[in-house]
Amino acid sequence: MSSYAAHIATVQARFDAALAATNFDSVLVYAGQPRVAFLDDNPAPFKVNPLFKYWLPVTASPKSAIFYERGQKPVLFLFQARDFWHAPVTIEPAEWQEHVELVVIDDLSKLTAQLGSKLQDAAFIGEDFAEPVASWNVKARNPQDLIDHLHFHRALKTEWELENLRVANERAAYAHLAARDAFLAGKSELEIHHAYLAAIHFRESELPYNSIVGLNEHGAILHYDVYETQAPAESRSFLIDAGATYRGYCADITRTYARNEGFFADLVTAVDDAQQALLKEIKPGVDYYQLHVSQHLKIAQILSDFGFVEGSAESIYEQGFSSAFFPHGLGHFIGLQVHDVGGFLRNDRGDTYDRDPRHPFLRLLRPVEEGQVFTIEPGLYVVDQLLEAHADAKEMNWERIAELRPYGGVRIEDSIVVGADGNNENLTRDAFAKLQA
């Protein structure tokens with residue numbers, strides 16, 4: 001059995017269980033369609049429903065849908081418009097076509113006509129902001145219990161999904177090296193971004209998220225996406241958080257570089273070492289929250305070692321100082337979505353973990369399980385807005401912190417596949433190693 005055949009069997013089994021648990025016999029998964037801007041007729045780039053591409057590696061066919069009845073072969077209604085304004089969607093022969101009943105349509109009325117009364121017994125999953133989808137007579141629209149059941153289980157990846165994630169990481173790693181070289185050549189943020197896209201022959205709309213390409217102080221802006229068009233007089237540091245896609249699966253990689261040896265280069269190495277040390281603690285049964293706290297303690301030790309904050313790692317963490325330098329969560333699930341879902345689900349019945357007030361931006365609270373894929377992305381930045389709360393703290397070495405401010409900060413991000421007994425796979429490091437070999 002091929003890895004895709006095994007994957008589609010797993011997806012069907014998961015949908016069968018979810019439908020049975022939520023009292024549905026069938027589901028219609030709508031791919032979605034582009035939205036237009038307010039008072040305009042220009043659509044935004046199309047992003048397919050992740051539960052649609054969970055079944056099939058078809059990411060650019062809006063208005064398509066999958067109809068699935070428990071235990072039956074899924075039916076793909078593949079929309080191909082009769083349209084002389086746009087290039088037709090080309091679907092190359094592929095293995096997935098062997099596992100669906102393919103029905104090509106050029107009008108959504110043909111979908112409703114073929115399904116007939118079956119439509120009104122189906123659960124609908126997808127966007128329904130436009131007609132005629134908004135008026136379809138279905139049993140339920142985006143029932144939360146069904147979605148929760150599916151999201152809980154898709155946190156465990158199939159081998160086919162891992163194959164796609166490996167390729168996505170290889171693509172992103174290759175582009176990261178091109179971006180690094182552009183930084184070292186003194187290019188502007190926009191030129192670096194263009195180098196990234198050119199390396200993997202992507203349009204910007206094909207990226208899984210807006211790339212963060214920050215020189216110098218911009219590395220401290222967590223979701224920076226401005227792209228200055230002129231290079232600074234001195235490019236001291238470079239933080240890039242950028243990904244790629246393959247068959248709908250996402251890579252998410254962050255790296256930080258120093259132009260010269262010295263203080264900031266040593267800090268990048270220290271954060272990288274702290275991240276690598278944490279990776280050794282990942283094993284089934286460990287709470288992801290526990291990993292987050294462990295990483296905070298390692299960042300707190302760096303704050304002490306580099307003289308940013310006085311005190312032990314424990315005291316720096318307990319007083320909340322480390323959160324001023326490392327404000328975001330340790331990481332998140334990744335797969336069909338960059339921030340893949342299900343990180344707060346306790347079970348497939350929809351019970352959730354409460355967000356922790358100490359670390360409110362942590363996106364993942366579930367225990368670690370074999371087969372999960374998530375990112376590990378510690379950071380250390382000078383964010384003045386966060387440091388204001390500690391303005392009177394005697395432990396803060398403001399002169400030393402001021403030395404870091406012109407460099408922005410450091411973030412290192414890898415994607416990890418959890419194996420048995422801590423035998424994990426680092427998709428990101430493996431991708432870079434493969435390229436360098």
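Only heavy atoms go into these numbers, but all of them, side chains included; no hydrogens, no water, no symmetry mates.
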Report yes if the side chains of [X] and [Y] come closer than 4.5 Å at any heavy-atom pair, otherwise no.
X: Ile416; Y: Leu427; answer: no
X: Phe52; Y: Ser64; answer: yes
X: Phe432; Y: Asn169; answer: no
X: Ile192; Y: Leu215; answer: yes
X: Leu387; Y: Ile401; answer: yes
X: Leu291; Y: Val368; answer: yes
X: Arg255; Y: Ile253; answer: yes
X: His332; Y: Val338; answer: yes

Considering non-hydrogen atoms only, spot the tightest contact between [X] and [Y] and give its length.
X: Glu206; Y: Arg203; answer: OE1-N, 2.6 Å
X: Pro284; Y: Gly422; answer: CD-N, 4.1 Å
X: Val271; Y: Pro378; answer: CG1-O, 4.3 Å
X: Arg171; Y: Ala244; answer: CB-CB, 3.9 Å
X: Ala122; Y: Leu28; answer: CB-N, 4.4 Å
X: Ser188; Y: Ala231; answer: CB-N, 3.5 Å

Exercise. Please determine which of Phe238, Tyr227, Phe202 meets the ring pair (Phe, Tyr, Trp, His ring centres under 6.0 Å) test together with His193.
Key: Tyr227
Self-check item: Candidate list Trp160, Tyr4, Phe15, Phe67, test ring pair (Phe, Tyr, Trp, His ring centres under 6.0 Å), partner Trp55, passing option
Solution: Phe15
Please round to the nearest 0.5 Å and tell me the distance separating atom [atom1] of [X] and atom [atom2] of [Y].
X: Thr256; Y: Arg180; atom1: OG1; atom2: CZ; answer: 13.5 Å
X: Arg363; Y: Phe344; atom1: CZ; atom2: CZ; answer: 8.0 Å
X: Leu404; Y: Leu303; atom1: CG; atom2: CG; answer: 9.5 Å

Quiz item: Distance under 6.0 Å and angle within 45° of the ring axis: does Arg346 meet both against Phe152?
Solution: no
Quiz item: Does NZ or CZ of Arg35 come closer than 6.0 Å to the centre of the six-membered ring of Phe129, within 45° of the ring's axis?
Solution: yes
Quiz item: Going through the distances and angles, do Ile302 and Leu267 end up as a side chain to side chain contact (heavy atoms under 4.5 Å, CB included)?
Solution: CA-CA 8 Å; Ile302 294 172; Leu267 183 63; 3.6 Å; yes
Compute whether any side-chain donor of one residue and acceptor of the other, for [X] and [Y], lie under 3.5 angstrom apart.
X: Tyr209; Y: His223; result: no
X: Asp430; Y: Asn426; result: no
X: Glu281; Y: Ser294; result: yes
X: Tyr249; Y: Glu161; result: yes
X: Gln301; Y: Asp305; result: yes
X: Tyr30; Y: Asn49; result: no
X: Glu413; Y: Thr254; result: yes

Quiz item: Picking from Gln295, Gln290, His296, what satisfies side-chain contact (heavy atoms from CB on, under 4.5 Å) with His292?
Solution: His296
Given the side-chain rings of [X] and [Y], with only the six-membered ring counted for Trp, is the space between their centroids under 6.0 Å?
X: Tyr407; Y: His218; result: no
X: His359; Y: Phe361; result: no
X: Tyr288; Y: Phe374; result: yes
X: His339; Y: Phe333; result: no

Practice problem: Would you check, one step at a time, whether the test salt bridge (Lys or Arg N to Asp or Glu O under 4.0 Å) holds for Arg166 with Glu163? | Solution: CA-CA 5 Å; Arg166 291 183 189 109; Glu163 291 172 7; 5.4 Å; no
Self-check item: Stepwise salt bridge (Lys or Arg N to Asp or Glu O under 4.0 Å) check, Lys283 with Asp421
Solution: CA-CA 6 Å; Lys283 59 182 178 181; Asp421 302 319; over 6 Å; no
Check the surroundings of atom [atom1] in [X]: do more than 12 heavy atoms from other residues, nucleotides or ligands lie under 6.0 Å from it?
X: Tyr353; atom1: OH; result: yes
X: Lys187; atom1: NZ; result: no
X: Lys47; atom1: NZ; result: yes
X: Asp40; atom1: CG; result: yes
X: Gln436; atom1: CD; result: yes

Exercise. Go through the steps for Ile125 and Leu150 under the test side chain to side chain contact (heavy atoms under 4.5 Å, CB included), then give the verdict.
Key: CA-CA 11 Å; Ile125 296 180; Leu150 295 168; 4.0 Å; yes
Less than 4.0 angstrom from a charged side-chain N to a carboxylate O is my criterion; do [X] and [Y] meet it?
X: Asp273; Y: Lys298; answer: no
X: Asp414; Y: Arg429; answer: yes
X: Asp128; Y: Arg141; answer: yes
X: Asp384; Y: Arg405; answer: yes

Quiz prompt | Chi angles and distances behind the salt bridge (Lys or Arg N to Asp or Glu O under 4.0 Å) call for Glu370, Lys157 | solution = CA-CA 9 Å; Glu370 183 178 355; Lys157 303 301 189 252; over 6 Å; no
Exercise. Could you go through the ring pair (Phe, Tyr, Trp, His ring centres under 6.0 Å) check for His328 and Tyr381 one step at a time?
Key: CA-CA 11 Å; His328 56 76; Tyr381 323 85; 5.6 Å; yes
Practice problem: Could you walk me through whether Tyr196 and Ile240 pass the side chain to side chain contact (heavy atoms under 4.5 Å, CB included) test, one step at a time? | Solution: CA-CA 10 Å; Tyr196 187 94; Ile240 176 169; 3.8 Å; yes
Quiz item: According to the interplanar angle, ranging from 0 to 90°, do the rings of His149 and His153 count as parallel (below 30°), tilted (30 to 60°) or perpendicular (above 60°)?
Solution: tilted
Quiz item: Would you call the rings of His7 and Tyr54 parallel, tilted or perpendicular, where under 30° means parallel and over 60° means perpendicular?
Solution: perpendicular
Quiz item: Pick one: which of Asp148, Asp348, Asp340 meets salt bridge (charged side-chain N to carboxylate O under 4.0 Å, His left out) with Arg154?
Solution: Asp340
Exercise. Take Phe263 and Phe306 through the test side chain to side chain contact (heavy atoms under 4.5 Å, CB included) and record every step on the way to the result.
Key: CA-CA 9 Å; Phe263 157 68; Phe306 277 75; 4.2 Å; yes
Self-check item: Side-chain (Asn164) to main-chain (Arg247) donor-acceptor, under 3.5 angstrom
Solution: no
